[in-house]
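Just below is one structure, and these are the notes that go with it.
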Amino acid sequence: MKDDRQIKLLPEDVANKIAAGEVVERPASVVKELVENSLDAGAKRVCVEIMEGGRKLISVSDDGCGMSREDAKMSLMRHATSKIRTAVDISNVRTLGFRGEALPSIASVSRFEMTTAPADGGAPTCIKVEGGSDMSVSDAARSQGTTISVRNLFFCVPVRAKFLKTDATELGHIARFMQNAVLTHPYVGFRYLVDKTEVFNLPPQNETVPFMEAVQARLRQLRGTDFTNSLIPVGASLEGRLIEGFVSPWTIASGTRSEIFLFVNRRAVRCVWLSALLKRAYGTLLSPERYPYAFLFLTVAPNTIDINVHPAKLDIRFRSEHLVQDLIARAVSDALRSDMAPPELSLSGPLDANAPELGSKSSFKKPQELSMMRGEKLSVEDWKKIYAAPEEEASSVREKEEETYEAKGIGTLSSSKALAQAGGMYILAEIEGKGIGIVDQHAAHERINYEKALQAFESANAPSQRLLLPETLTLSYEQMAALKPYLGELIKSGFALEEFGKNTLKVDAIPAFLEASALLELFTDMAEDLKLLGSSSRTEEVRRRLALVMVCRKSIKFHHQLSLADCQALLDELMAAKTPWTCPHGRPTIIMLTYSELEKRFGRAGL
């Protein structure tokens with residue numbers, strides 16, 4: 001009996017189909033490989049056409065250098081490429097592609113047709129391959145460049161076809177890649193059609209325009225002028241590494257990480273640590289479930305990265321990754337510091353208070369996404385959605401029937417005068433030269449105490465208050481284990497405490513900004529939070545989390561009555577804070593109703 005376990009060399013068509021499983025994951029993978037080939041060929045214009053989500057047709061046409069007949073035939077052989085010659089070249093790749101796997105892999109799982117004409121005036125060639133079968137070569141007619149049509153993707157691999165998603169989902173993946181290509185190559189014109197409908201037709205930017213200005217122009221074309229103009233420029237360099245790009249101000253946020261883009265040497269890459277790094281850079285400006293928009297372009301020497309770690313070149317490795325992280329974090333932090341301002345309140349709708357006007361819808365919204373855009377109106381329901389935990393499925397946008405708000409930067413506040421407390425929740429204040437400020441007293445006190453807590457952690461002699469009698473706190477053994485490594489940090493912040501048994505602490509003093517009440521509850525909360533944080537976290541993150549727990553329970557609550565003097569003292573401390581516009585969780589502390597808005601509402605504008 002013959003042994004079926006004998007090792008054999010796979011036939012070429014089988015090997016190509018296996019390779020296609022790595023390279024051709026879905027229609028977007030095909031678009032990516034073909035468009036990148038066009039860009040590597042020096043194309044100045046690229047046209048992409050999609051039918052039925054890429055199942056029926058994917059066509060990419062360019063005016064690049066084209067290929068001779070021999071090169072065109074060779075391009076359909078596995079590991080045939082013009083981009084590298086030796087193993088040394090792999091560590092110095094300057095093109096988007098280099099593996100030589102894409103075309104044979106695509107041809108093995110589709111009805112493939114390529115028409116190409118070289119730049120030297122040689123005869124155009126047409127090559128057809130059906131499901132990896134022998135190629136058919138013939139003469140053709142076209143000008144310089146290449147057109148590749150991929151029909152009936154996965155027709156010969158029905159198992160793969162069955163796992164494709166809906167047309168809308170597949171088109172979403174293609175659109176994301178097209179955005180990346182358009183942004184990273186602004187000097188190339190792109191035309192994109194879906195089911196014979198033109199989605200966009202972007203002319204190439206003038207090559208005399210600096211790169212980031214050209215990118216910004218492309219962002220305006222893709223995302224709109226209001227959104228693009230609200231973005232903050234980012235720029236810094238460190239030891240031969242350059243970071244440039246744009247990030248959103250704290251008043252604009254997304255509900256997912258999907259709006260964070262990193263391009264390394266003009267190649268879109270995935271980066272597992274980038275979203276966490278940006279969240280740290282924004283600190284308490286964003287609530288935990290919100291993420292910034294970021295379009296970051298990193299330029300490094302090719303030999304300092306390894307792009308040969310993923311078949312589709314989506315993941316890369318950095319040499320000296322910590323330097324890259326430090327560069328990005330510093331650049332984003334510096335950019336944010338230059339753009340700090342509170343949101344501005346704008347009452348919209350008719351003057352008749354009994355006839356509210358429906359809020360306008362944003363021209364740039366996605367599921368689970370309500371951006372606090374400068375110039376975009378937000379209803380009360382929108383604010384609730386922004387600061388509520390994100391839902392698993394995006395819900396439809398409700399009709400807006402309340403007063404709406406605009407978030408606009410208004411610059412630095414000079415001085416404020418408390419006027420009254422409203423509802424035991426808000427402080428009304430006159431902001432010199434600006435208008436009326438509405439301050440959330442709990443959020444404001446959280447911000448004040450949070451910065452005091454952080455300063456206490458960094459101080460050698462933080463102010464503290466002695467307890468009348470020492471207090472002993474008995475925790476669970478698990479909670480004690482979580483707290484024990486950080487007792488030194490708590491002592492720095494102003495606590496005087498010591499272990500008083502295996503799972504008991506004796507507390508003699510507490511930080512000056514805390515109240516001597518519910519200490520057991522406070523320490524229990526800190527322990528539980530540290531358990532979630534993990535033992536490998538940075539000291540900076542541990543301090544931030546401890547400070548958050550402290551201030552949440554110890555700040556002025558809603559319905560706590562304040563005298564006018566107390567209101568003024570709170571305002572003065574808020575204005576002295578480093579980041580007065582948000583609480584530590586990212587909620588706004590103050591909203592402005594400007595004098596100009598009041599003049600409009602009372603019909604005095606222009607008088």
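All figures in this text were calculated on a predicted structure; none of them were measured in a lab.
- Taking 4.0 Å as the cut-off between side-chain N and carboxylate O, Glu25 and Arg160 do not count as a salt-bridged pair.
- Taking 4.5 Å as the limit, every side-chain heavy atom of Asp62 sits out of range of all side-chain heavy atoms of Arg45.
- Residues Val188 and Val182 are not in side-chain contact: their nearest non-hydrogen atoms beyond the backbone lie 4.5 Å or more apart.
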Starting from the C-alpha separation in whole Å, work towards a yes-or-no answer on side chain to side chain contact (heavy atoms under 4.5 Å, CB included) for Leu336 and Ile232.
CA-CA 7 Å; Leu336 289 172; Ile232 308 167; 4.0 Å; yes
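- Other residues, nucleotides and ligands contribute only 12 or fewer heavy atoms inside 6.0 Å of the NZ atom of Lys128.
- A donor-acceptor pair is defined here as one N or O able to donate and one able to accept, closer than 3.5 Å; no such pair exists between the side chain of Ser248 and the backbone of Pro292.
- Residues forming a ring pair (Phe, Tyr, Trp, His ring centres under 6.0 Å) with Phe295 (at least two apart in sequence, or on another chain): Phe261.
- When atom types are taken as modelled, the side chain of Thr228 and the backbone of Thr225 share no donor-acceptor pair closer than 3.5 angstrom.
- Within the 4.5 Å cutoff, the side chain of Val332 has heavy atoms near those of the Tyr282 side chain.
- Side-chain atoms of Arg220 and Asn229 form a donor-acceptor pair, as typed in the model, at a separation below 3.5 Å.
- No cation-pi contact links Lys44 to Tyr187, judged by a cut-off of 6.0 Å to the six-membered ring centre and 45° from its axis.
- Side chain to side chain, Thr147 and Arg142 meet the donor-acceptor criterion of an N or O pair below 3.5 Å.
- Lys279 places no side-chain N or O within 3.5 Å of a backbone atom of Leu274 that could act as its donor or acceptor partner.
- Between the side chains of Thr197 and Asp195, no donor N or O sits under 3.5 Å from an acceptor N or O.
- Between the side chain of Gln144 and the backbone N or O of Gly64, at least one donor-acceptor pair lies under 3.5 Å.
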Could you go through Thr146 and Asp63, starting from their C-alpha distance and side-chain angles, then the distance that decides it, and tell me whether this counts as side chain to side chain contact (heavy atoms under 4.5 Å, CB included)?
CA-CA 7 Å; Thr146 301; Asp63 61 355; over 6 Å; no
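- Defined by atom type and a distance below 3.5 Å, a donor-acceptor pair is missing between the side-chain atoms of Thr184 and Arg266.
- With contacts defined as side-chain heavy-atom distances shorter than 4.5 Å, the pair Arg280/Leu277 qualifies.
- With contacts defined as side-chain heavy-atom distances shorter than 4.5 Å, the pair Trp273/Gln325 qualifies.
- Nearest heavy-atom pair, Val209 versus Ala214, reported as atom, atom and distance to 0.1 Å: CG1-N, 3.8 Å.
- Formation of a donor-acceptor pair under 3.5 Å by the Ser38 side chain with backbone atoms of Leu34 is found in this model.
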Let's go through Leu193 and Cys47 carefully: what are the C-alpha distance in whole Å and the side-chain angles of both, what is the deciding distance for side chain to side chain contact (heavy atoms under 4.5 Å, CB included) to 0.1 Å, and is it a yes or a no?
CA-CA 8 Å; Leu193 301 98; Cys47 179; 3.7 Å; yes
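- Looking only at side-chain heavy atoms (C-beta outward), Pro204 and His185 stay at 4.5 Å or farther from each other.
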Side-chain atoms of residues 161-169: list all donor-acceptor pairs with protein atoms under 3.5 Å, sequence neighbours left out, distances to 0.1 Å.
unit_1, atom_1, unit_2, atom_2, d
Thr166, OG1, Thr169, N, 3.3
Thr166, OG1, Thr169, OG1, 3.1
Asp167, OD1, Arg55, NH1, 2.5

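- Put simply, CG on Leu231 and CD1 on Ile252 are 6.5 Å apart, with the number rounded to the nearest 0.5 Å.
- Between Phe112 and Met135, every side-chain heavy-atom pair lies at or beyond the 4.5 Å cut-off.
- With hydrogens and angles disregarded, a donor-acceptor distance shorter than 3.5 Å links the side chain of Arg290 to the backbone of Ala253.
- Here the side chains of Ile305 and Arg319 are not in contact, with every heavy-atom distance at 4.5 Å or above.
- Classification of Asp326 and Arg241 as a salt-bridged pair fails, no side-chain N sitting under 4.0 Å from a carboxylate O.
- Look at Arg151 and Glu52 and you find no salt bridge, because none of the NZ, NE, NH1 or NH2 atoms lies under 4.0 Å from a carboxylate O.
- For the side chain to side chain contact (heavy atoms under 4.5 Å, CB included) test with Leu298, the passing option among Leu242, Leu327, Val269, Asn265 is Leu327; the others fail.
- Counting non-hydrogen atoms of other residues, nucleotides and ligands closer than 6.0 Å to CG of Asp120 gives a total above 12.
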Please assess Glu49 against Ser149 for the test side chain to side chain contact (heavy atoms under 4.5 Å, CB included), listing each intermediate value before the final yes or no.
CA-CA 9 Å; Glu49 184 175 1; Ser149 299; over 6 Å; no
